[in-house]
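In what follows, every chain begins at residue 1, and chains take the letters A, B, ... in the order their sequences are listed.
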Amino acid sequence: MLVIKDLKVSIEGGEILKGVSLEVNAGEVHAIMGPNGSGKSTLAAVLAGRDLYEVDSGTISYMGEDLLEKSPEERAKEGLFLGFQYPIEIPGVSMVNFMKTAINEMRKHRGEEPLSASEFLKKMRQKKELVEIDSSLTNRSVNEGFSGGEKKKNEIFQMAMLEPKLAVLDETDSGLDIDALKVVARGVNNLRSSENAIIVITHYQRLLDYIVPDYVHVLYKGRIVRSGGKELALLLEEKGYEWIRQEELNL
Amino acid sequence: MQKEQDQILNEVTTGEYKYGFYTDIEHDSIGKGLNEDVIRLISEKKNEPEFMLQFRLKAYRHWLTMKMPGWAHLDIPPIDYQELVYYSAPKQKARLSSLDEVDPELLETFNKLGIPLEEQKHLAGVAVDAVMDSVSVKTTFKETLAELGIIFCSFSEAVREYPDLVRQYMGSVVPYTDNYYAALNSAVFSDGSFCYIPKGVRCPMELSTYFRINAANTGQFERTLIVAEDNSYVSYLEGCTAPMRDENQLHAAIVEIVAMEGAEVKYATVQNWYPGNKEGKGGIYNFVTKRGICKGDNSKISWTQVETGSAITWKYPSCILKGDNTTGEFYSVALTNNRQQADTGTKMIHIGKNSKSIIVSKGISSGVSNNSYRGLVKVLRGAENARNFSQCDSLLLGDKCGAHTFPYIESNNQSAIIEHEATTSRIGEDQIFYCNQRGIATEDAISLIVNGYAKEVLNKLPMEFAVEAQKLLQISLEGSVG
Ligand SMILES: Nc1ncnc2c1ncn2[C@@H]1O[C@H](COP(=O)(O)OP(=O)(O)O)[C@@H](O)[C@H]1O
Ligand SMILES: [Mg+2]
């Protein structure tokens, strides 16, 4: 589904990703871990098409096509979803209107009719229950005045509404209490199927108690320095990132 | 990054005016220039009674003593008033009984504007009095209204048919001495609408008027008068778009509203006169005096405006809250793009006890435009427990435009409570990217954000107008994205 080859990315002249390769197939859940500043959000943003970042070399293919050729909205309409580490507030635009516009843009892209008001509201209701999002949140403006936890849950709610093929969740677990963490996990596990793939970016291993990944990668200073199964996350938890740092120094 | 963002916004926001076309209809005009003979000729062509001619002449003589005002935040090129044409009427048969008799070119123009009269005629609950240039072309729904005793006709017709009413109220809210453009309008006004709601009558439909400017170099001077008797109610809509012209056109209208005891008048405007091209060439100068008086106790006047057009807009729909327990409201969205300049706001004059006013102003600036809110809240000594709440927000697209807020407060009563809130925000690249990531293209994202921002005001418009206004905001910001 997603093949990243030797990706090098810089911003304002500074190289952040220094040759990242990663292959994600349908049905898989990958976890990307790493200390702050290692380039996790950069990778997510480049996948979503943020033009702030300069792709210096390397390729990304998504469902057999060149992802880097496509605009951010095309990527979204072709099923790529980014759960933002810091979700953005849009005053005055109601969640209902925002979601309806988004869903209907995607349906238009697939050559489908817009959802009727009742179909849409039904879907909203179902997905709201799934993520246990407070009913009033969807009546408010997009993320406006939401608490940190509410914003994160709202990302999961949007993911559930949009039913993406590939979801990239950037530290959706950060700053959440255990209950909210379980909500996030449930949202992800619900999406999980043989058709979809999910990349979970996380700083901590505790989320991985609830979302069991097929693969774990450690991103360190712009490079994937370790890849393995879910036991790698436990090893990291036990030894800390300091361990990676030492290992890298020894090389 | 900031540069790139501005470039995107520039591309999105430097759209050309979508309603630029000109209808080729024969005009019956008086030559250029202004003097007493021209005024006599206008009055004569309109078959006006003597009192009307005298009113015009007094106003003209007063205007001669006045100077064109200057404003801090508007850059107005000098206007040669002798170069303007002060009367122009589309030539057509004397009386029309059905739409079939209306000039097909004219109907075509309305069709391009998306306001086909044919359909409007059937549109439930909307009576349309279409004004093109200076003479009323067609009035519909008149009979239904007449049964309720409601008068809704062109101003010229009112002058002939209801001279006593016109005489009693014309100039009672906006005297010809009020300002330079009010004096000019009073001297040369062409036509407009007159509306009279008798005691205790609720007007069952929205009254709407479409104004058009369509003759080269024609100063357009409408005049509207609405009188709502005790415990009556009326909702009035005014909307306009103008065709593409190269020469600047002057538009100086007067709207007067009188609300008697317990009466309520809602006045909504969608203003989309030609704003000029990207470089600021052409475009309408829109200098309007709109004022209402809540004369009787418990009366209410509400102004709602969506201003997207004109090269220069200068307009302050105001309320004189004379009666006790009266309410004045002002809801405004003013959008400026390219080189447009707008200086708009309101005046709320509290005279009566327990008088209340609400001001919600939403400015949107893009391109290299300038957008100012200027508002006065004045509480007179006798206005016990007067209350005002003002909310003035500015939204900026790009970094070459300007937004300014000038709230003036004069309170002469200790018991008055006046609150003012103001915010300025910018559409950020991260907001647009967030929308993009959810499948929404940049142009639609901007439109979504702008409409969300203006929602509080758009919600005050009647349903069909709100949809039109939303489209207008979108069209006004539209351009060529990538
Ligand atoms: N907009 C930016 N401008 C300059 N440097 C940036 C910007 N965004 C990220 N960086 C730098 O890139 C590096 C990687 O950041 P990021 O991808 O956010 O890491 P992570 O998500 O792993 O914490 C950091 O050193 C950070 O300071
Ligand atoms: Mg990050």
Identify the heavy atoms of A:Asn97 and B:Leu448 that sit nearest to each other, and give their distance.
ND2-CD1, 3.9 Å
Look at atom CD of A:Glu195 and say whether more than 12 heavy atoms of other residues, nucleotides or ligands are closer to it than 6.0 Å.
no
I'd like to know whether NZ of B:Lys347 has more than 12 heavy-atom contacts from other residues, nucleotides or ligands below 6.0 angstrom.
no
Minimal non-hydrogen separation, B:Arg438 against A:Met106, with atom names
O-CE, 3.2 Å
Part of A:Leu80 lying under 4.5 Å from any heavy atom of chain B:
both
Is the count of non-hydrogen atoms from other residues, nucleotides or ligands lying under 6.0 Å from A:Lys165 atom NZ greater than 12?
no
Heavy-atom contact with chain B under 4.5 Å, split by part of A:Tyr86
neither
A quick test of your reading: do over 12 heavy atoms of other residues, nucleotides or ligands sit less than 6.0 Å from NZ of A:Lys127?
yes
If you take all heavy atoms of A:Glu89 and B:Gln431, which pair is closest and at what distance?
O-NE2, 3.0 Å
Residue pair B:Glu429 / A:Leu52: nearest heavy atoms and the distance that separates them:
OE1-CD1, 3.4 Å
A:Ala76 versus B:Gly439, closest heavy-atom pair with distance:
CB-N, 3.4 Å
Should we say atom CZ of B:Arg387 is surrounded by more than 12 heavy atoms from elsewhere, each under 6.0 Å from it?
no
Rounded to the nearest 0.5 Å, what's the gap from NZ on A:Lys77 to CD1 on B:Ile440? Could you check?
9.5 Å
Backbone of A:Pro72 reached by a side-chain donor or acceptor of B:Gln437 within 3.5 Å:
no
Can you tell me if B:Lys455 has over 12 outside heavy atoms packed within less than 6.0 Å of its NZ?
yes
A:Glu73 vs B:Asp444 side-chain heavy atoms within contact, under 4.5 Å
no
Among A:Pro164, A:Ser94, A:Ala102, A:Ser141, which has the most heavy-atom pairs under 4.5 Å with chain B?
A:Ala102
Chain B heavy atoms under 4.5 Å from A:Glu74: which part of the residue, side chain, backbone, both or neither?
neither
Could you walk me through whether A:Asn143 and B:Tyr434 pass side-chain hydrogen bond (donor to acceptor under 3.5 Å, both in side chains), step by step?
CA-CA 11 Å; A:Asn143 293 322; B:Tyr434 193 72; 3.2 Å; yes
Check whether A:Leu82 gets within reach of chain B through its side chain, its backbone, both or neither, counting any heavy atom under 4.5 Å.
both
Would the number of heavy atoms belonging to other residues, nucleotides or ligands and lying under 6.0 Å from NZ of A:Lys123 be above 12?
yes
Using a 4.5 Å cut-off on heavy atoms from C-beta on, say whether the side chain of B:Phe433 contacts that of A:Ile88.
no
Output the distance between atom CG (B:Asn436) and atom CD (A:Glu105), rounded to the nearest 0.5 Å.
11.0 Å
Side-chain heavy atoms of A:Ile90 within contact of B:Cys435, under 4.5 Å
yes
